[in-house]
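Quick notes on the structure that follows.
Not measured: the values here are computed from a predicted model. Each chain gets a letter, A, B and so on, in the order the sequences are listed, and its residues count up from 1.
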There are 2 protein chains.
Amino acid sequence: MEGRKLSRRQRERQTQRQEMLAAALELFSEKGYHNVSMHEIAARSEFAIGTLYKFFTGKEDLYKALIREKCERFHQVLTEAIEGAGDEVERLRRYIEVKGAVFRDNVPSIRLYLAETRGASFNIMAGLDREIRERYAQFLDSLAGVFESGFRNGLFRPIGRSFHLAVALDSLCNAFLVLWLEDPEKHPYPEDPDTILNLLFEGLLSTSEGRGGDRRFESH
Amino acid sequence: MEGRKLSRRQRERQTQRQEMLAAALELFSEKGYHNVSMHEIAARSEFAIGTLYKFFTGKEDLYKALIREKCERFHQVLTEAIEGAGDEVERLRRYIEVKGAVFRDNVPSIRLYLAETRGASFNIMAGLDREIRERYAQFLDSLAGVFESGFRNGLFRPIGRSFHLAVALDSLCNAFLVLWLEDPEKHPYPEDPDTILNLLFEGLLSTSEGRGGDRRFESH
DNA sequence: ATGTTTTAAGGTGACGTCGCATTATGAAAT
DNA sequence: ATTTCATAATGCGACGTCACCTTAAAACAT
C-alpha cells in the first residue's frame with residue numbers, strides 16, 4: 001500500500017511504456033539496434049511516433065532503458081539463485097538451472113544482453129557496455145563467494161582461485177547457452193546441471209598421481 | 001620466383017589494399033562497424049574516398065574482406081597448435097598459449113572476431129556471422145578430436161563428451177581473454193597454461209566417492 | 001639515347017540521394 | 001484541456017558516384 005501511490009493515469013503510462021519497450025525489444029533482438037527505426041518501433045507498439053518521444057528522449061535513451069532493466073532483472077534472479085539455501089554444490093546446480101531457464105524464457109532480451117556483455121565492448125552503445133560490465137563483475141564476485149565458502153567448508157578442494165572458478169563456471173554456462181541459442185535441436189542445454197558442473201568437478205586426467213601429477217604445479 | 005608473377009603495379013595495389021584494411025581495422029575496432037564512415041576510413045588510410053571504391057564495392061564488402069582474412073588466419077594458427085606434435089596434454093597446453101599470444105598480438109582484430117563469433121548473432125552483419133560460426137564449429141571439432149584421442153589413449157578419463165570438453169576449454173580461454181581485454185592489469189591471462197587446464201583436470205570435489213560420486217552419472 | 005607526345009589507368013573529392021531521427025501541426029479522443 | 005494520433009516537414013549524416021585531374025608508361029620523334 002506504500003508502493004501504490006501511483007494514480008491510475010500513472011499506471012496507464014507505465015503499461016504504455018512497457019508496451020513500447022516490448023516492441024523495441026522484439027525489433028532490436030531481431031535486427032540489431034542500427035537496423036531498427038523509431039517508426040518501426042512506433043508501428044509495432046501501435047503508438048504514434050510522437051508519443052514515443054513523450055516517453056523517451058530518443059532512440060538511445062529507449063535502448064538504454066531496455067538494457068538496463070533487463071540486465072538488472074537477470075542479475076537479480078541469478079543472484080537469488082546462488083544466495084539461496086543449500087550447500088555449495090546445490091547452489092551451483094541451481095545457478096546452472098536458473099541460468100538455463102532465464103535464457104529459455106527470454107531469448108530476445110538475452111540476445112541484447114549477450115551483445116552488451118560479451119561482445120567486443122564497443123558494439124552497440126558506447127558507455128553502456130562499461131556500466132553493464134561493472135554490474136556483471138559484481139555478480140561474478142557473488143558467484144566466487146560460493147566457491148570461497150565451499151573452500152572454507154572443505155567441500156571443495158582448493159584447486160584454483162575462487163574468482164577463476166566463477167569465471168569458469170559462468171563461461172561454461174554461457175558457451176552451452178550460446179550453442180543452444182544458435183541451434184536448440186543440435187545443442188540442447190543440458191537438463192542435468194551436473195553435465196556442466198562435472199566438467200569442473202571430475203578430474204579429467206586418468207592418474208591424479210602418475211603422469212600428470214608431477215607436472216601440475218611444477219612451474220611458476 | 002613462381003610466386004613473383006605479380007607486376008610492380010599489382011604489388012603496389014596489394015599494399016594499398018592492406019593499408020586500407022589496416023585503417024578500417026583500427027576504426028572498426030575502436031568504434032564498431034556502424035559508427036565508422038567510409039570517409040573516416042579514407043582519411044585514416046590517406047586515400048580519397050573514391051579510391052576505396054576502386055578496391056571494394058562498398059563498406060560491407062570491405063568489412064567482410066577484413067573479417068574473413070583475420071578469421072581464417074586465426075583458425076589456421078590455432079589448428080596448427082593443436083595438430084602439432086606431443087601428447088594430448090601438451091597439445092592442449094600449446095593451444096592455450098597460442099590462443100593467448102594471438103589475442104595479445106591482435107587486439108583490434110580480436111575485438112571484431114569476438115563480435116562476430118560470440119555476439120548475439122545478429123549484430124554486425126547478417127550472413128557473415130553464419131559463415132564465421134560454421135568455420136568456428138569446424139575448429140571446435142578439431143579441438144574435440146584432441147580429447148577424443150586422449151580418451152582412446154587412456155590419458156583422459158571419459159568424464160564427458162569430447163565436444164563438450166572442447167566447448168568448455170575454449171570458453172574458458174575466451175572468458176579469461178575477455179577479462180584480460182577489459183583490464184590487462186587486473187586480469188592478466190595466465191602465463192602458465194595449467195592454470196586454465198587444471199580447471200578441467202583437477203577435480204574440484206573433495207571426495208570423488210562420498211558426496212558427489214553417486215549422483216554423477218545417474219541421469220541421461 | 002634523349003626528349004616529346006599520347007593515352008590509359010589511377011586517384012580525387014564535391015555532390016546527389018536517401019534513410020532516418022526528431023520536431024511540428026492540426027485533428028480526434030478521452 | 002490534455003493526451004494521443006496521423007502525417008508531414010526538417011535537418012543531418014552517410015554511402016556511393018562521376019566528371020575531372022594526375023601520373024606513368026608506352027609510342028614516337030629527333
Side-chain angles (χ1 to χ4, degrees), chain A residues 6-67 112 122-128, chain B residues 5-67 122-128:
Chain A
L6 295 166
S7 68
R8 193 174 63 77
R9 185 80 209 98
Q10 282 172 312
R11 269 179 284 128
E12 258 172 26
R13 279 185 68 88
Q14 276 306 308
T15 41
Q16 284 177 317
R17 191 187 136 95
Q18 290 308 314
E19 281 165 17
M20 291 171 185
L21 287 174
L25 172 59
E26 284 178 27
L27 287 165
F28 285 144
S29 89
E30 281 165 21
K31 319 202 290 179
Y33 180 79
H34 291 283
N35 298 316
V36 172
S37 75
M38 288 298 270
H39 279 88
E40 277 180 287
I41 298 174
R44 177 81 63 111
S45 59
E46 299 183 285
F47 288 99
I49 183 73
T51 313
L52 286 193
Y53 285 89
K54 283 263 156 56
F55 286 76
F56 303 98
T57 65
K59 189 181 178 184
E60 184 169 323
D61 181 45
L62 198 164
Y63 180 78
K64 281 185 179 171
L66 189 58
I67 297 292
L112 298 184
F122 61 78
N123 264 333
I124 307 294
M125 188 154 302
L128 182 59
Chain B
K5 46 181 10 177
L6 295 165
S7 69
R8 192 171 66 76
R9 188 76 209 108
Q10 282 171 313
R11 268 179 285 128
E12 257 174 25
R13 280 186 70 90
Q14 276 308 309
T15 41
Q16 284 176 319
R17 192 187 137 94
Q18 290 309 317
E19 281 166 17
M20 291 172 185
L21 287 174
L25 173 60
E26 283 179 27
L27 287 165
F28 285 143
S29 90
E30 281 165 21
K31 319 202 288 178
Y33 180 78
H34 291 285
N35 298 317
V36 172
S37 75
M38 288 298 269
H39 280 84
E40 276 180 287
I41 298 174
R44 176 82 62 112
S45 58
E46 298 183 287
F47 289 97
I49 183 71
T51 311
L52 287 193
Y53 285 90
K54 286 265 159 62
F55 286 76
F56 304 98
T57 65
K59 189 181 178 185
E60 186 170 319
D61 180 46
L62 197 164
Y63 180 77
K64 281 185 179 170
L66 190 58
I67 297 292
F122 62 79
N123 265 333
I124 306 294
M125 187 153 303
L128 183 60

A:Thr51 side chain N/O closer than 4.0 Å to the phosphate oxygens (OP1, OP2) of D:dT4? no
Walk me through it: do A:Leu21 and A:Phe56 pass the test side chain to side chain contact (heavy atoms under 4.5 Å, CB included)? CA-CA 10 Å; A:Leu21 287 174; A:Phe56 303 98; 3.8 Å; yes
When you check the phosphate oxygens OP1 and OP2 of C:dG10, does a side-chain N or O of B:Gln16 lie under 4.0 Å from one of them? no
Which part of the nucleic acid, if any, lies within contact of B:Leu52, taking any heavy atom under 4.0 Å across all strands shown: a base, the sugar-phosphate backbone alone, or nothing? nothing
Starting from P on C:dT12, measure out to CE on B:Met38 and report it in whole angstrom. 14 Å
Using a heavy-atom cut-off of under 4.0 Å over every strand shown, decide if B:Gly50 touches base, sugar-phosphate, or nothing. base
Euclidean distance, atom CD of residue A:Glu40 to atom P of C:dG19 [Å, nearest integer]: 13 Å
Closest contact, heavy atoms only, B:His39 versus B:Ile49: N-CD1, 3.8 Å
In whole angstroms, how far is the C1' atom of C:dG10 from the CZ atom of B:Phe55? 9 Å
Nearest to the A:Tyr53 side chain among C:dG13, D:dC15, C:dA21, which nucleotide is it? C:dA21
Options C:dC20, C:dG13, D:dA8, nucleotide nearest the side-chain atoms of B:Ile49: C:dG13
Just how far, in rounded Å, is P of D:dT4 from CD of A:Glu19? 12 Å
Separation of A:Met20 atom CE from D:dT3 atom C1', in whole Å? 11 Å
From CG of B:Asp61 over to P of D:dT17, roughly how many Å is that when rounded to an integer? 12 Å
Of B:His39 and B:Phe47, the one whose closest DNA chain C nucleotide lies more 5': B:Phe47
Grab the CG-P distance between B:Leu27 and D:dC15 for me, whole Å please. 12 Å
Could you state the interatomic distance from CD (A:Glu40) to CG (A:Asn35), rounded to the nearest 0.5 Å? 9.0 Å
When the distance from NZ of B:Lys59 to P of D:dT17 is rounded to whole Å, what number comes out? 15 Å
How are the rings of B:Phe28 and B:Tyr63 set relative to one another: parallel (under 30°), tilted (30 to 60°) or perpendicular (over 60°)? perpendicular
Is the distance from OP1 or OP2 of C:dG10 to the nearest side-chain N or O of B:Lys54 less than 4.0 Å? no
Could you tell me whether A:Glu46 contacts a base, only the sugar-phosphate backbone, or nothing, with contacts defined as non-hydrogen atoms closer than 4.0 Å? sugar-phosphate
Hey, does the Lys NZ or Arg CZ of A:Lys59 hover above the aromatic six-ring of A:Tyr33, less than 6.0 Å from the centre and inside 45° of the axis? yes
